[in-house]
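In what follows, every heavy atom counts, from backbone to side chain, and hydrogens, waters and symmetry copies are set aside. The shown structure was predicted, so the numbers you read here are calculated from the model rather than taken from an experiment.
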4 protein chains.
Amino acid sequence: MPRVKTEQKRREILDAAAEVFARRGYHATNVSHIADHMSMGLGTFYRYFESKLDVFHAVIEEVMGEVTMVIAHESATSSQTLYEYSAQVERIGRMLFAAFQKNRALARLLFVEAPGISAELNEKLRETTRFFGVATEAYLENGVKRGFLRPDLDREVTALMINAIIFEGVRQLSDPNTDEALLERWIRAITRLMFEGVAARSDLTRTK
Amino acid sequence: MPRVKTEQKRREILDAAAEVFARRGYHATNVSHIADHMSMGLGTFYRYFESKLDVFHAVIEEVMGEVTMVIAHESATSSQTLYEYSAQVERIGRMLFAAFQKNRALARLLFVEAPGISAELNEKLRETTRFFGVATEAYLENGVKRGFLRPDLDREVTALMINAIIFEGVRQLSDPNTDEALLERWIRAITRLMFEGVAARSDLTRTK
Amino acid sequence: MPRVKTEQKRREILDAAAEVFARRGYHATNVSHIADHMSMGLGTFYRYFESKLDVFHAVIEEVMGEVTMVIAHESATSSQTLYEYSAQVERIGRMLFAAFQKNRALARLLFVEAPGISAELNEKLRETTRFFGVATEAYLENGVKRGFLRPDLDREVTALMINAIIFEGVRQLSDPNTDEALLERWIRAITRLMFEGVAARSDLTRTK
Amino acid sequence: MPRVKTEQKRREILDAAAEVFARRGYHATNVSHIADHMSMGLGTFYRYFESKLDVFHAVIEEVMGEVTMVIAHESATSSQTLYEYSAQVERIGRMLFAAFQKNRALARLLFVEAPGISAELNEKLRETTRFFGVATEAYLENGVKRGFLRPDLDREVTALMINAIIFEGVRQLSDPNTDEALLERWIRAITRLMFEGVAARSDLTRTK
DNA sequence: GATGAATGAGTTTTCATTCAT
DNA sequence: TATGAATGAAAACTCATTCAT
């Protein structure tokens, strides 16, 4: 079989596996479920993947790669004003939502299933999370340096918080019952929270 | 055996199960591990719990109950000013952290293991999250009504965001490698983000 | 279960396994065959042995132990005359035959199946064979020293030859179709060959 | 494809199979190993042999044939004196050693692997052994008839013993660690044992 | 009530063989 | 004729659950 065809079949199995894993969860998925889903013999699976764990690793890596791509394509230092930064946050948020929109259940796979499967996978997830944290931190760092973010901002912790918000949004929007309007509400609410907080304008000074 | 003794033994098994589940994860835990951990016969387990899933449900419910207790004891309408609300947020955060501090691995059990085990458990987790969302929403509602929070605040989404931040904090602090100082940083960063946002004061008007 | 009962059950499974292995061969034997043969559940087997290979090792070791015992109980230096040595060879032969008589197919297991299964088992067999070789060599050594065996005897090679003859006898007599008389013929033929050779008395000098 | 080419390809596969079987053993050898070893498609194998067992039968038969050839070319009745017979034994021994020298691992295949594979193969091996026994018996018969061997010799059992010695020699010399000198020691030790026994000359009469 | 030996359904994985190209 | 992708039967092994003592 030519290299390209083999690669394509592997890809097909990968996609099928992602779908079945996402629907049933890792432990409830049998290799035979994946094979059945493709109307393919059980043995065929093992021509393309070493084991059930192997294909799960591949699926998770794929998802991580796509997600990582989203921020890898943005520059942490390009924003020169709060306004530009706000637009950038919105852009990143939209792209992450889009990344998971393709298959909403993948978020569950990544955040919920993966860490429980193997230490190796858990470590990879932590790494990706760390990567996200560092990236977001770089954005905040840039904002502080340029003067449009608070100089006393706890960049490290705040970065984790922002990421948590974004990923929670992804998780919420992964729910098949949510409508498109919710996305806009999330986008708007994130930027409002980040740049204005929750307080009424007139109350701002009183918290000190 | 008197009712009280039975209840106590059940309690002991529950605690042992929580510990073993937390350490090894649901699937890697055998019922015999739990029995061994208590130096108890395997069959005895089944006199107190229907099945492995049964005891896991009980463990998760226990954890959920403790966590729910934290906000159940607070009143959503008690805060009359932004200052009081800020203090309340801090108090809730500290109590949640404390709840998981007892056994840090329980957070993993609740957030990581539980959703992958059974649809029922997943639903329970969603319910709890929903409960948290509604609760936080009530706080925001109160703030808007009393005028110390923005009237145009998207209460539903913002509530989810706040909860996401808090739970991410819990998750981070569940890491056995984190020190106590981090807790204070989280507490401070949450309140600052909520009530001030990330922007420098002078830039605030330019985002509009 | 008391230690002694556990030990007894292990023993029963060992015996059953030996029989099934001997009849069907290692590869053609499934663990379920062994379990069926004992009218026992498949899982029970795994309470007493780690794996199919594990029980096979145990079986082979058992057989080797019994066989080794036979010569371990004889002294290589006790024979003072050719006559005594001849009697000793006969005694050892009879005991080896008897050892395998109990379960004739065990010889096949030991000599035929075992070496093909695992390197470890093969090494153990070689060790046992080496042990036999060294033992027989010691007998020959003693005979030469005492002067009742040829001084120019190649003790090492001759020891291997004698053992080969003995084990071939065992193998032949392991055939369920052989009768008891054959044992006597083997015993007699071995001692005659060893102590007289095949040549007619009158021809002896002409071979030089 | 012309008959001759087909025959040649079959031969090539046979040789490749012999090598792989000898190296890995029957059960550890996959048909794909054989095909890979020839850089040949897996399916091609099945155009020349019915099955894995089929080719193994063919390999074993080949080896048996070669070995059988060795004695087939000798005449049981040609020796007229003990001296000639002794020379003949030596010649047969050398030729057998040589036959296995070509590929030492083949001995293992024949004596160790084959009997455990199938009843049919085991029977073939017994037949060959029986053939050897009968052949050797014929030599002894001739010796007795001509008067240079003991008239009371147990020809049947002694024939088996002689063969056992010879095959043990082959087995020993199949070990890749043995040197050439050992062959000479075996040859000499066999003829000395057969024609003189192990006893010192002066002790011979006392055994009676 | 306590125990732990027994059980067998369920899963992963291998590989000889087939057959469409 | 040659190929190698596809196949699925078969086998080892695990472990939640039962039940006789």
Side-chain angles (χ1 to χ4, degrees), chain A residues 1-2 5-6 9-10 13 27-36 38-55, chain B residues 1-2 5-6 9 26-36 38-56, chain C residues 1-2 5-6 9-10 13 27-36 38-55, chain D residues 1-2 5-6 9 26-36 38-56:
Chain A
M1 207 188 232
K5 266 209 132 183
T6 300
K9 183 97 182 196
R10 210 185 127 89
I13 296 176
H27 286 289
T29 296
N30 303 353
V31 175
S32 67
H33 292 147
I34 300 173
D36 286 355
M38 295 190 62
S39 308
M40 172 185 86
L42 180 57
T44 308
F45 172 89
Y46 286 92
R47 290 187 59 80
Y48 295 90
F49 291 94
E50 298 253 317
S51 67
K52 178 178 156 180
L53 187 58
D54 182 32
V55 76
Chain B
M1 199 186 245
K5 264 211 134 182
T6 300
K9 185 101 178 195
Y26 180 77
H27 287 287
T29 296
N30 302 354
V31 176
S32 68
H33 292 148
I34 300 173
D36 286 354
M38 298 187 59
S39 307
M40 174 187 82
L42 174 59
T44 310
F45 172 90
Y46 286 91
R47 301 193 64 79
Y48 294 90
F49 289 94
E50 297 254 314
S51 66
K52 176 180 164 181
L53 188 57
D54 183 30
V55 77
F56 189 70
Chain C
M1 208 185 231
K5 266 209 131 183
T6 300
K9 183 97 181 196
R10 209 184 128 90
I13 296 177
H27 286 288
T29 295
N30 302 353
V31 175
S32 68
H33 292 146
I34 299 173
D36 286 354
M38 295 190 64
S39 307
M40 170 185 86
L42 178 58
T44 307
F45 172 89
Y46 286 94
R47 289 187 59 80
Y48 295 89
F49 291 94
E50 298 252 316
S51 67
K52 178 178 158 181
L53 188 57
D54 183 32
V55 76
Chain D
M1 201 186 243
K5 263 210 133 183
T6 300
K9 184 99 180 197
Y26 180 78
H27 286 288
T29 295
N30 302 354
V31 176
S32 67
H33 292 147
I34 300 173
D36 286 355
M38 298 188 61
S39 308
M40 172 186 84
L42 174 59
T44 310
F45 172 90
Y46 287 90
R47 301 195 65 81
Y48 294 90
F49 289 93
E50 296 254 317
S51 67
K52 177 180 161 181
L53 189 57
D54 183 31
V55 77
F56 189 70

[X] [atom1] - [N] [atom2] separation (whole Å):
X        : N       : atom1 : atom2 : result
Arg47(B) : dA2(E)  : CZ    : C1'   : 7 Å
Arg10(A) : dA5(F)  : CZ    : C1'   : 16 Å
Tyr48(D) : dT17(E) : OH    : C1'   : 18 Å
Ile34(C) : dC13(F) : CD1   : C1'   : 13 Å
Met40(B) : dA2(E)  : CE    : P     : 9 Å
Phe49(A) : dA6(F)  : CZ    : P     : 13 Å
Lys5(A)  : dA20(E) : NZ    : C1'   : 11 Å

With sequence neighbours excluded, what pairs up with [X] under the ring-ring contact (aromatic ring centres under 6.0 Å, His included) test?
X        : value
His27(B) : His27(A)
Tyr46(C) : none
Phe56(D) : Phe21(D), Tyr26(D)

query = Does Asp36(A) have any side chain to side chain contact (heavy atoms under 4.5 Å, CB included) partners at least two apart in sequence or in another chain, and if so, which?
reply = none

query = OP1 or OP2 of dA6(F) sitting under 4.0 Å from any side-chain N/O of Lys9(A)?
reply = yes

Pairwise N/O distances under 3.5 Å, protein to nucleotides 13-16 of chain E:
unit_1  : atom_1 : unit_2   : atom_2 : d
dT13(E) : OP2    : Tyr46(A) : OH     : 2.9
dT13(E) : OP2    : Lys52(A) : N      : 3.3
dA16(E) : OP1    : Lys52(D) : NZ     : 3.2
dA16(E) : OP2    : Val31(D) : N      : 3.0

inquiry  = Between Met40(C) and Ile13(C), is the side-chain contact (heavy atoms from CB on, under 4.5 Å) condition met? List the steps.
reply    = CA-CA 10 Å; Met40(C) 170 185 86; Ile13(C) 296 177; 4.1 Å; yes

request  = Could you give me the CA-CA distance, side-chain angles and deciding distance for Thr6(D) and Lys9(D), then say whether side-chain contact (heavy atoms from CB on, under 4.5 Å) is met?
outcome  = CA-CA 5 Å; Thr6(D) 300; Lys9(D) 184 99 180 197; 5.9 Å; no

request  = Could you walk me through whether Val55(C) and Phe45(C) pass the side-chain contact (heavy atoms from CB on, under 4.5 Å) test, one step at a time?
outcome  = CA-CA 9 Å; Val55(C) 76; Phe45(C) 172 89; 3.8 Å; yes

task = Tell me the stems DNA chain E sits in, counting at least three consecutive Watson-Crick or G-U wobble pairs, each under 3.5 Å on both distances.
result =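 Stem list for DNA chain E: E:2-21 with F:2-21.
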
Nearest-0.5 Å distance that lies between atom CG in Asn30(A) and atom NE2 in His33(A) = 4.0 Å

inquiry  = Give me the atom names and distance for the closest heavy-atom approach of Gly41(A) to Ala35(A).
reply    = O-CB, 3.9 Å

